[in-house]
> 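Shown below is the structure under consideration.
As a basis for the values below, the full set of heavy atoms in this structure was taken, side chains included, without hydrogen atoms, waters or symmetry mates.
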Amino acid sequence: MARVELKNVRKVYPGNVEAVKSASLDINDKEFVVLVGPSGCGKSTTLRMIAGLEEISEGEIYIGDTLVNDVPPKNRDIAMVFQNYALYPHMTVYKNMAFGLMLRKYPKAEIEQRVREAAQILSIEHLLDRKPKALSGGERQRVAVGRAIVRQPKVFLFDEPLSNLDAKLRVQMRAEISKLHTRLQSTMIYVTHDQVEAMTMGDRIVVMLDGVIQQIAPPLELYHHPVNRFVAGFIGSPPMNFLEGELTPESGVLRFHDKSGAANLDVHESQLDALEPYAGKRVVLGIRPEHFIENPSQEPKDGRSLTANVEVVEPMGHEVYLYLDIGGQSITARIAAGETEPEVNKPHVLDVDTQGVHFFDMETEAALT
């Protein structure tokens, strides 16, 4: 296997359209790295440059110790799994998986061994004589993954491989690909726009926006310590809530007042040192839905509670999602089921775990805590 390194890689399309802006990334041998971000952020372009399917405009790409800028895709020792499976419809599953090895003139016995082993790993031995049209979406994707496995490449590249599957199959295939990584101990680079996939699969996650890498970190570090407002809002489901307001010193405490005056929350002592320079300034408060705490008495606590109007109540079984309006700003809360029964179009009091909230600079959107 091999490490992959990108040094100041840039991609500019005709018309001076900059898809990737000076991206630098070091992927360790045997690591599972996920590139994630909204559509058009440059993640698939980055993957295709690693594969050699897109020429780079500037910078260097290394696979192992080899500079591959001018190395054609077939000589980069990579295998790629695409969103649309890219199977040959007239070939059986066996021949689809074996085709790449046949082109490289591997011995017939070795091809047979590799295909049978990959089919066993993916539990598709019973499909080897079928053609793609006789397979379900999940089965086709397994075949596409199997075709990559038989190559035994240095690096596996996945370009949104699960986006055509239904929700249940996506969950199942996420687990299958993670188990595959553990079993093969190979370097894998995976592109998705789904942050849940990124959080559950990656050793590290690369968050991109407008061609720029925003943050590279393990999943929980991204979740607990986002570097800016975009990362904070992109990672987490339901997403983080944002309230604009001002930090004001009051009676020995530093208090956040949102712009409507409906939320007045004391800054937790663990964040005071970082936020004291922002006293009297406007900031953005970020609260994850799970950092709301149900208030059974419905009596506001000074500096710890906010009151919002309930717009939608979504029972989810063991928990409830509340969609609320606070001074014209929409927020989402996730609370345990059964503690209270919020009523639509009625005010509802929620406490806030102030130790878990985040603050961001109003202008730069950089994290302050």
> Could you check whether R142 pairs with E139 (Lys NZ or Arg NE/NH1/NH2 to Asp/Glu carboxylate O, under 4.0 Å)?
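No, this pair does not count.
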> Might you confirm whether atom CG of N75 has over 12 heavy atoms from other residues, nucleotides or ligands at distances under 6.0 Å?
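Counting other residues, nucleotides and ligands, CG of N75 exceeds 12 neighbours.
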> Mark yes or no for whether R140, through its side chain, and L135, through its backbone, hold a donor-acceptor pair below 3.5 Å.
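Side chain of R140 to backbone of L135, a donor-acceptor pair under 3.5 Å: yes, one is there.
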> Test R204 against D26 for salt bridge (charged side-chain N to carboxylate O under 4.0 Å, His left out), laying out the working first.
CA-CA 11 Å; R204 284 190 300 155; D26 197 348; over 6 Å; no
> State whether a side-chain donor-acceptor pair under 3.5 Å links S260 with D258.
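A donor-acceptor contact under 3.5 Å links the two side chains.
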> Could you tell me how the ring of F32 sits relative to the ring of H181: parallel (under 30°), tilted (30 to 60°) or perpendicular (over 60°)?
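Taking H181 first and then F32, their aromatic rings stand perpendicular (interplane angle over 60°).
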> By the ring pair (Phe, Tyr, Trp, His ring centres under 6.0 Å) test, which pairs, at least two apart or in different chains, include something from residues 348-369?
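Of all non-adjacent pairs touching residues 348-369, those that pass ring pair (Phe, Tyr, Trp, His ring centres under 6.0 Å) are F242-F360.
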> Got a sec, which pairs hit ring pair (Phe, Tyr, Trp, His ring centres under 6.0 Å) with one end in residues 94-150, sequence neighbours left out?
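Those involving residues 94-150 are Y88-F99.
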> Less than 4.0 Å between a side-chain N and a carboxylate O, is that true for K301 and D266?
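A salt bridge is absent here (no side-chain N lies under 4.0 Å from a carboxylate O).
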> What's the spacing between L243 CG and K259 NZ if we round to 0.5 Å?
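It comes to 9.0 Å.
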> Could you walk me through whether T187 and R3 pass side chain to side chain contact (heavy atoms under 4.5 Å, CB included), step by step?
CA-CA 7 Å; T187 306; R3 61 189 287 270; over 6 Å; no
> Run the side chain to side chain donor-acceptor pair (under 3.5 Å) test on S24 and N8 for me, step by step, so that the C-alpha distance in whole Å, both residues' side-chain angles and the decisive distance to 0.1 Å come before the verdict.
CA-CA 5 Å; S24 293; N8 302 313; 3.2 Å; yes
> Any side-chain heavy atom of F156 within less than 4.5 Å of one from L180?
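Side-chain contact under 4.5 Å: no.
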> From E319 CD over to E294 CD, what is the distance, rounded to the nearest 0.5 angstrom?
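Nearest 0.5 Å value for the CD-CD distance: 13.0 Å.
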> Does this structure show an ion pair linking K108 with E112, if we count only N-O contacts that are shorter than 4.0 Å?
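Not counted as a salt bridge, because no side-chain N and carboxylate O are separated by less than 4.0 Å.
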> Does the pair N295 and D351 meet the rule for a side chain to side chain donor-acceptor pair (under 3.5 Å), with working shown?
CA-CA 6 Å; N295 182 319; D351 296 337; 3.0 Å; yes
> Look up atom CG in L122 and atom CD in E176, then write down how far apart they are to the nearest 0.5 Å.
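Interatomic distance, L122 CG to E176 CD, rounded to 0.5 Å: 7.5 Å.
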> With the side chain counted from C-beta on, respond yes when M97 and I149 share a heavy-atom pair under 4.5 Å apart, and no when they do not.
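Answer no - side chains too far apart.
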> Would you say V313 and L306 are hydrophobically clustered, going by side-chain heavy atoms of ILVMFWY under 4.5 Å?
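Yes, V313 and L306 fall within the same hydrophobic cluster.
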> Which value, rounded to the nearest 0.5 Å, describes the distance between I235 atom CD1 and H224 atom NE2?
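Those atoms lie 12.5 Å apart.
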> Any chain of hydrophobic side-chain contacts (each under 4.5 Å) joining Y85 to L128?
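Same hydrophobic cluster.
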> Rounded to the nearest 0.5 Å, what separates atom CZ in R48 from atom CD in E54?
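Rounded to the nearest 0.5 Å, the CZ-CD separation comes out at 5.0 Å.
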